[in-house]
**Student:** 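Got a structure for you, written out below as C-alpha cells; questions coming shortly.
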Amino acid sequence: MRYLTAGESHGPQLTTIIEGMPAGMPLVAEDINKELARRQKGYGRGRRMQIEKDQVQITSGIRHGQTLGSPIALVVENNDWKHWTGIMGQEPLEGQSADEVKRIISRPRPGHADLNGAIKYGHRDMRNVLERSSARETTVRVAAGAAAKKLLSLLGIELVAHVVEIGGVKAEKLDFTSLEQLKEITEASPVRCFDSDAGTKMMAAIDNAKQNGDSIGGVVEVIAEGMPAGVGSYVHYDRKLDGKLAAAIMSINAFKGVEIGIGFEAASRPGSQVHDEIAWEEGSGYYRKTNRLGGLEGGMTTGMPIVVRGVMKPIPTLYKPLMSVDIESKEPFAASIERSDACAVPAAAVVAESVVAWELASAIVEQFYADRFDTLKASIEEQRRTARDF
Ligand SMILES: Cc1cc2nc3c(=O)[nH]c(=O)nc-3n(C[C@H](O)[C@H](O)[C@H](O)COP(=O)(O)O)c2cc1C
Ligand SMILES: C=C(O[C@@H]1CC(C(=O)O)=C[C@@H](OP(=O)(O)O)[C@H]1O)C(=O)O
C-alpha cells in the first residue's frame with residue numbers, strides 16, 4: 001500500500017491518494033471524520049483549529065460504502081483558504097506589487113524548515129516552504145491512517161495513542177486495564193493523558209509556556225493489540241517492521257526520537273531484565289511473560305501488543321522569537337512570528353496512531369493475499385491458527 005499527499009496549509013484543500021487497499025472493505029466518510037476530529041482536539045493549540053472543521057470528501061475508490069480496489073482519493077478543504085486567496089492564489093500577480101500581496105517571509109524560524117527549504121528550492125519568500133512543511137499536512141495523513149485503522153479493526157486489531165509526557169510532566173499512573181479503558185479516559189482528557197493529575201499539571205505547563213511566549217514538547221505512546229505473530233520480516237533491512245515504524249514516527253513534523261517497548265532504557269539493564277520469556281498455553285499457544293520489547297523481535301511481530309513511543313520537540317514558532325538573520329539584509333533579526341500552537345502533543349498523538357496504523361496495515365497487505373478483503377481476513381485467521389498450533 002502507498003499514499004501520497006498534496007496541499008498547502010493555507011491553500012484550497014489537502015488531498016491524499018491511497019493505493020492498494022483491498023477491494024470489498026467497508027469504509028465510509030464517518031470512519032475518517034471521527035479521526036479528523038480527534039486530531040483537531042487538544043489543549044495548547046492556536047486559533048487555526050477554531051477556523052477549521054475538517055471533513056473528508058471521498059472522490060474516488062469507494063462505491064456504496066465499500067472499497068473498489070481502485071485508488072481512493074480523499075479531500076479535506078481548508079476553511080482558512082478564504083482569508084488567503086490573494087496571498088496564496090494560483091494565478092500570476094498582475095498589476096500589484098509582490099510585497100503588497102504576498103506577505104513575504106525573509107526571517108527564518110530556528111527549528112522550522114524555512115531556511116533549509118529556501119536554500120534547497122531557491123525560494124526567497126519562505127512562505128513557499130512553510131506552506132508545505134506545516135503540519136497541516138498531517139490532516140490527510142490521519143485520513144489515510146483512518147482507512148488503515150478501519151482495515152485493522154475489521155481484522156480484530158485495535159490501536160490507541162496517548163500522551164505520557166508534556167514539558168517535563170510525566171504520567172505516573174498508567175494502570176489501565178484494557179485498551180478500551182485507555183481510549184475512553186484519554187479521549188475525555190484535554191491533553192489525551194490517562195493520569196488525570198499529571199494531565200492537570202501538563203495543562204498548567206502549557207499555560208505557563210504560552211504566557212512566556214514559549215512552547216513545549218512531549219512524548220506520545222501508541223499501543224496496538226491483536227497483531228498476529230510473524231508479520232514483518234528479518235530477512236532484509238527494508239522489510240523489518242520495527243524499522244518501518246521508526247521511520248513513520250520520525251516522519252511526523254517535530255518528532256525527534258522513537259522507542260519500541262522499553263527503548264533507550266534497555267541500554268542500562270542486563271539482558272535478563274530486557275528479553276521477554278517465552279511461554280505456551282493450551283488453546284492460545286505462545287506468549288511472552290512480559291512485553292519489554294514492545295511486541296517486536298527480529299523485525300517481526302511476536303503477537304504481544306506493539307508499543308511505540310515518539311518524542312516531539314517544542315513547537316519552533318515562538319511568540320518571543322529567537323534570533324535569526326534576515327536573508328535579504330543579512331542583519332540579525334528576531335525570527336518571523338506566524339500564528340502558532342504552544343503545544344501540539346495531544347494532536348500529534350493522533351497522528352502517531354495514524355502512521356502506526358498505516359505501517360501495520362501495509363505490512364499485513366504486503367504479506368498476505370490482499371486484493372480482496374474477504375480473502376485477506378481468511379488469511380489472517382489462518383495465520384493466527386498457524387501461530388497458535390505451531
Ligand atoms: C500537530 C502538529 C502541529 C504543529 N503546529 C505547529 C505550529 O503551530 N507552529 C510551528 O512552528 N510548528 C508546528 N509544528 C511543528 C512543525 O511542523 C515542525 O517543527 C516543522 O515542520 C519542522 O520539521 P521538524 O521539526 O521535524 O524538523 C506542529 C507539528 C505537529 C505534529
Ligand atoms: C493547521 C494546522 O497546524 C498548523 C501547523 C503549523 C506548522 O508550522 O506546522 C502552523 C500552524 O499553522 P497556522 O499558522 O495556519 O495556524 C498550525 O495551526 C493543523 O494541524 O491542521
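We count ligands from 1, going down the list as the structure has it; atoms in each ligand are counted the same way.
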**Student:** How far apart are the C-alpha atoms of K149 and E158, what are their side-chain angles, what is the distance that settles it, and do they pass the salt bridge (Lys or Arg N to Asp or Glu O under 4.0 Å) test?
**Tutor:** CA-CA 8 Å; K149 269 186 78 174; E158 297 293 338; over 6 Å; no
**Student:** Write out the residue and atom name of the closest protein heavy atom to atom 9 (N) of ligand 1, then the distance separating them to 0.1 Å.
**Tutor:**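 Scanning the protein heavy atoms, the shortest distance from atom 9 (N) of ligand 1 goes to S340 OG, 2.8 Å.
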**Student:** Which is closest to atom 16 (C) of ligand 1 in terms of heavy atoms, H112, K313, Q40?
**Tutor:**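 That would be H112.
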**Student:** Does an N or O from R45, backbone or side chain, lie closer than 3.5 Å to an N or O of ligand 1?
**Tutor:**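 Checking ligand 1 against R45, no N or O pair falls under 3.5 Å apart.
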**Student:** Contact between V345 and V191 at the side-chain level, heavy atoms closer than 4.5 Å - yes or no?
**Tutor:**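 Of all side-chain heavy-atom pairs linking V191 with V345, none is under 4.5 Å.
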**Student:** Please list the nearest protein heavy atom to atom 8 (O) of ligand 1 with its residue and the distance rounded to 0.1 Å.
**Tutor:**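 The closest heavy atom on the protein side is D341 N, 2.8 Å.
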**Student:** Students should be able to answer this: which protein heavy-atom is nearest to atom 28 (C) of ligand 1, and at what distance?
**Tutor:**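 Atom 28 (C) of ligand 1 sits closest to the protein heavy atom A135 CB, 3.6 Å.
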**Student:** Measuring from atom 26 (O) of ligand 1, which candidate in P314, A254, S134, G217 has the nearest non-hydrogen atom?
**Tutor:**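 When every heavy atom of P314, A254, S134, G217 is considered, A254 comes closest to atom 26 (O) of ligand 1.
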**Student:** Mind checking what residues have non-hydrogen atoms under 4.0 angstrom from ligand 2?
**Tutor:**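 Ligand 2 pocket, heavy atoms under 4.0 Å: H10, R39, R45, R48, M49, H112, S134, A135, R136, T139, R339, D341.
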**Student:** Give yes if a backbone or side-chain nitrogen or oxygen of K256 is under 3.5 Å from a nitrogen or oxygen of ligand 1, and no if not.
**Tutor:**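 In this structure, K256 places an N or O atom under 3.5 Å from an N or O of ligand 1.
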**Student:** Applying side chain to side chain contact (heavy atoms under 4.5 Å, CB included), run through D125 and R103 and close with a yes or a no.
**Tutor:** CA-CA 9 Å; D125 177 0; R103 269 184 43 196; over 6 Å; no
**Student:** Check R48 against ligand 1 and report side chain, backbone, both or neither, counting heavy atoms closer than 4.0 Å.
**Tutor:**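 Neither part.
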**Student:** For atom 19 (O) of ligand 1, what's the nearest protein heavy atom and its distance?
**Tutor:**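 Of the protein heavy atoms, P316 CG, 3.3 Å lies nearest.
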**Student:** Does the ring centre of W358 sit less than 6.0 Å away from the ring centre of Y3?
**Tutor:**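 Yes, close enough.
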